[in-house]
Amino acid sequence: MQSKKPCQAISLSLSIFAASAIGLLASTTVVQAQKKPVQRPTIATVKSIVNGDIMCYVNLVDDKARQYNSVGASFELCANEKTFLNKKVRLSYSRVSVNDCQSAEPCGKSRLETLITKMQIIR
């Protein structure tokens with residue numbers, strides 16, 4: 001019976017090692033998926049601008065006909081919708097603190113978002 005105990009210990013050690021390795025690979029995959037950079041155009045045509053609860057949302061189309069829907073923007077840009085609608089613009093982004101509530105009412109929570117903070121008409 002003594003010969004089975006070392007084998008059991010080795011088997012248990014291998015099982016723990018395998019489970020740890022699988023867990024590490026799964027964690028690495030999740031981290032890589034989270035770090036995938038969000039594509040944000042720097043030059044595009046503004047197709048629509050809509051005011052939302054926590055930010056303004058802009059739909060854009062770049063020169064290669066790629067669509068970017070609901071790109072977050074500062075509320076100031078929504079106020080100038082007619083200026084930018086159907087115009088080709090250069091976009092500038094900044095990290096901005098936005099209200100993180102279920103409604104437009106302040107709740108004391110916020111989060112950082114990368115928003116369009118400036119649009120410059122280029123033609």
Side-chain angles (χ1 to χ4, degrees):
M1 292 212 116
Q2 289 179 341
S3 64
K4 286 187 177 181
K5 288 185 180 180
C7 289
Q8 288 174 339
I10 292 171
S11 177
L12 180 62
S13 295
L14 287 174
S15 296
I16 292 171
F17 174 75
S20 297
I22 291 169
L24 179 62
L25 289 174
S27 297
T28 303
T29 302
V30 170
V31 170
Q32 287 174 346
Q34 291 173 347
K35 289 185 178 182
K36 182 180 177 185
V38 175
Q39 287 190 330
R40 294 182 182 93
T42 54
I43 295 177
T45 300
V46 177
K47 291 302 179 181
S48 68
I49 299 177
V50 178
N51 229 342
D53 286 348
I54 62 171
M55 67 185 82
C56 180
Y57 296 95
V58 182
N59 290 335
L60 305 159
V61 176
D62 68 12
D63 288 338
K64 295 179 182 175
R66 282 183 290 211
Q67 294 184 9
Y68 301 86
N69 295 320
S70 299
V71 178
S74 65
F75 283 117
E76 293 80 19
L77 296 176
C78 268
N80 295 312
E81 175 185 7
K82 291 179 184 175
T83 303
F84 299 113
L85 198 57
N86 296 314
K87 300 285 195 307
K88 188 172 184 177
V89 295
R90 183 178 320 281
L91 304 160
S92 298
Y93 298 86
S94 298
R95 296 280 287 167
V96 177
S97 180
V98 297
N99 193 10
D100 192 16
C101 305
Q102 295 295 324
S103 68
E105 297 299 318
C107 67
K109 292 191 271 182
S110 63
R111 69 175 191 255
L112 284 176
E113 289 284 333
T114 301
L115 303 181
I116 300 169
T117 52
K118 184 178 175 184
M119 286 189 201
Q120 179 185 9
I121 297 172
I122 56 177
R123 70 172 169 158

Heavy-atom closest pair (Thr117 atom, Ser94 atom, distance to 0.1 Å) is OG1-OG, 3.2 Å

Sub-4.5 Å side-chain heavy-atom contact between Arg40 and Ile116
no

- [ ] State yes or no: do Met119 and Ile121 share one hydrophobic cluster built from I, L, V, M, F, W and Y residues joined by side-chain heavy-atom distances below 4.5 Å, directly or via other members?
- [x] yes

Tested for side chain to side chain contact (heavy atoms under 4.5 Å, CB included) against Leu60, the lone hit among Leu91, Asn69, Thr45, Ile49 is Leu91

Original post:
With a cut-off of 6.0 Å (strictly less than), are more than 12 heavy atoms of other residues, nucleotides or ligands near CZ of Arg90?
Top reply: no

Contacts satisfying disulfide bond (SG atoms under 2.5 Å apart) that involve residues 66-98 (not counting sequence neighbours) are Cys56-Cys78

Which is it for Arg111 and Ile54 under the side-chain contact (heavy atoms from CB on, under 4.5 Å) test, yes or no, and what are the steps along the way? CA-CA 10 Å; Arg111 69 175 191 255; Ile54 62 171; 3.2 Å; yes

CG (Asn51) and CG (Leu77) are apart, to the nearest 0.5 Å, by 10.5 Å

Interatomic distance, OH@Tyr57 vs CG@Leu115, rounded to 0.5 Å, equals 9.0 Å

Side-chain heavy-atom pair Asp53, Asn99 within 4.5 angstrom cut-off: no

Of all heavy-atom pairs linking Thr114 and Arg95, the shortest is OG1-CD, 3.1 Å

Are Val61 and Phe84 linked, directly or through other ILVMFWY residues, by side chains that come within less than 4.5 angstrom of each other?
no

* Is the closest side-chain heavy-atom distance between Ser48 and Val58 below 4.5 Å? -> no

Legend entry - Side-chain touch Met55/Val96, heavy atoms, less than 4.5 angstrom: no

To the nearest 0.5 Å, atom NZ of Lys47 lies from atom CD of Gln67 at 9.0 Å

Query raised in the report: Between Val46 and Lys87, does a side-chain contact (heavy atoms from CB on, under 4.5 Å) hold up when you go through it step by step?
Result: CA-CA 6 Å; Val46 177; Lys87 300 285 195 307; 5.8 Å; no

